[in-house]
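These notes concern the structure reproduced below.
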Amino acid sequence: MKHGIEVGRVAALWRYPVKSMAAEPLERADLSWHGLAGDRRWAFLRDLPARNGFPWLTIRERPDLLHYRPWLAEPDRPDASPVLVTTPSGEKLDVADPALAAELGDGVRVLKLNRGLFDSAPLSVLSTRSVDGLSRLLGDAEVDPLRFRPNVLIEAVDTAPAYPEEAWIGATLSIGGARLHLDRRDKRCMIVNVDPVTARRDPGILRTIARQRDVCFGVYASPVAPGPVAVGDPVVLTSAER
């Protein structure tokens, strides 16, 4: 590992086997060139004109997608494993089962892309200090980090600045056996208004981020060197170079 400054530890890891469905908490994962192994390899598409620039079925249209829980039948093979989905009724279906697409809407179909189906970048990084800062802006309301669908949640050291991940943009972080480059702030949309447990909307979340944080919260990152990462790993700021 390169010499650097330890800026925190990994507090939590999540992947999302199916875009916009519930998160899968992880104790460890492999970081590949295409994000965490098994992350957002599947997505559902709406029946829209070919020229539509955003065909995905997401939490925007169906907040209850958060109540569909995907899981890997073979977790040791995350990019090759069959993906099963437990529906809100408790039924377990293969993600490619036509019955699941039919349940999600007329004309809905499923797609797999081995490189991942990301809107902007393969990794989303957030710190607990940022979550606490937003909580204060909201009048000390409890804020669930999963509103923001991060892959890596970092518990920063006590001396870190407010919203520390923004201060690390342009630098490289070493985590476990992997390295990632922090690229830019994460511009947010109405998805953050949806509670990840109840699926109820609270427009005050995005409104506060827009007014106080320039519509940005957390950062996007891209892999520099693949490798294993785990909860509890030190997070080391190693370089301002790729």
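Note: hydrogens, waters and symmetry copies are ignored here, and every other heavy atom, side chains too, is used. Values in this document were obtained by computation on a predicted structure and should not be read as measured data.
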Ala230: which residues meet the side-chain contact (heavy atoms from CB on, under 4.5 Å) condition with it, sequence neighbours left out? Arg28, Asp233

According to ring pair (Phe, Tyr, Trp, His ring centres under 6.0 Å), does anything in residues 106-161 pair up with another residue at least two apart or in another chain? List the pairs. Phe148-Phe217

Determine the minimum heavy-atom distance between Pro122 and Ser222, stating which atoms define it. CG-CA, 4.2 Å

Any side-chain heavy-atom pair of Val10 and Val229 under 4.5 Å: no

Less than 4.5 Å apart, any side-chain heavy atom of Trp33 and any of Pro226? yes

Decide yes or no for Leu180 and Thr172: does some side-chain heavy atom of the first lie under 4.5 Å from some side-chain heavy atom of the second? no

Salt bridge (Lys or Arg N to Asp or Glu O under 4.0 Å) partners of residues 99-126, not counting sequence neighbours, each pair once: Lys19-Asp119

Do Asp144 and Val197 touch side chain to side chain, with heavy atoms closer than 4.5 Å? yes

Check: Asp195 side chain, Thr198 main-chain N or O, donor-acceptor pair, under 3.5 Å: yes

Sorted by chain and number, sequence neighbours left out, salt bridge (Lys or Arg N to Asp or Glu O under 4.0 Å) with Arg129 holds for none

Between Thr87 (side chain only) and Glu91 (backbone N and O only), is there a donor and an acceptor less than 3.5 Å apart? yes

Name all pairs fulfilling the ring pair (Phe, Tyr, Trp, His ring centres under 6.0 Å) condition that reach into residues 183-209, sequence neighbours left out, sorted by first residue then second. none

Closest heavy-atom pair, Pro63 versus Val194, reported as atoms and distance to 0.1 Å, is CB-CG1, 4.0 Å

Whether Arg147 side chain and Val192 backbone form a donor-acceptor pair below 3.5 Å: yes

Leu173 versus Ile154: any side-chain heavy-atom pair under 4.5 Å? yes

For the side chain of Arg46 and the backbone of Trp56, is there at least one donor-acceptor N/O pair under 3.5 Å apart? yes

State, with a plain yes or no, whether a side-chain heavy atom of Val235 is found less than 4.5 Å away from one of Val152. no

Which pairs with one or both residues in residues 149-178 pass ring pair (Phe, Tyr, Trp, His ring centres under 6.0 Å), sequence neighbours excluded? none

Okay, side chain of Asn151, backbone of Arg15: is any donor-acceptor separation there less than 3.5 Å? no

Is there a donor-acceptor pair under 3.5 Å between the side chain of Ser127 and the backbone N or O of Glu155? no

Is Gln212 reaching over with its side chain to a backbone N or O of Ile209, donor-acceptor style, under 3.5 angstrom? no

Leu84 to Ala73 - nearest heavy-atom pair and separation: CD1-CB, 4.3 Å

Can you name the nearest heavy-atom pair linking Leu153 to Pro145, along with the distance? CD2-CG, 4.2 Å

Any pair counted as salt bridge (Lys or Arg N to Asp or Glu O under 4.0 Å), so long as it reaches residues 162-175, sequence neighbours left out: Glu166-Arg185, Glu166-Arg213

For Asp132, enumerate each residue passing the salt bridge (Lys or Arg N to Asp or Glu O under 4.0 Å) test, keeping only those at least two apart in sequence or located in another chain. none

Compare all side-chain heavy atoms of Arg41 with those of Asn114 and state whether any distance is below 4.5 angstrom. no

Please go through Tyr68's hydrophobic cluster and name the other residues, only I, L, V, M, F, W, Y counting, with side-chain heavy atoms under 4.5 Å joining them. Val18, Met21, Trp42, Phe44, Leu57, Leu65, Leu72, Val83, Val85, Leu93, Val95, Leu100, Leu104, Val108, Val110

Is there side-chain contact between Arg184 and Lys187, with at least one heavy-atom pair below 4.5 Å? no

Determine the minimum heavy-atom distance between Arg188 and Gly218, stating which atoms define it. NH2-CA, 4.5 Å

Using the test side-chain contact (heavy atoms from CB on, under 4.5 Å), find all partners of Arg149 that sit at least two apart in sequence or belong to another chain. Tyr16, Arg40, Ile59, Leu66, Ile191

Approximate separation, where rounding is to 0.5 Å, of Asp186 CG and Leu126 CG: 9.0 Å

To the nearest 0.5 Å, atom CG of Leu237 lies from atom OG of Ser174 at 9.0 Å

What are the two closest heavy atoms between Arg60 and Cys189, and how far apart are they? NH2-SG, 3.3 Å

With sequence neighbours left out, the residues meeting side-chain contact (heavy atoms from CB on, under 4.5 Å) with Asp140 are Arg136

For Glu74, give me all partners under side-chain contact (heavy atoms from CB on, under 4.5 Å), at least two apart in sequence or on another chain. Arg77, Ser81, Pro82

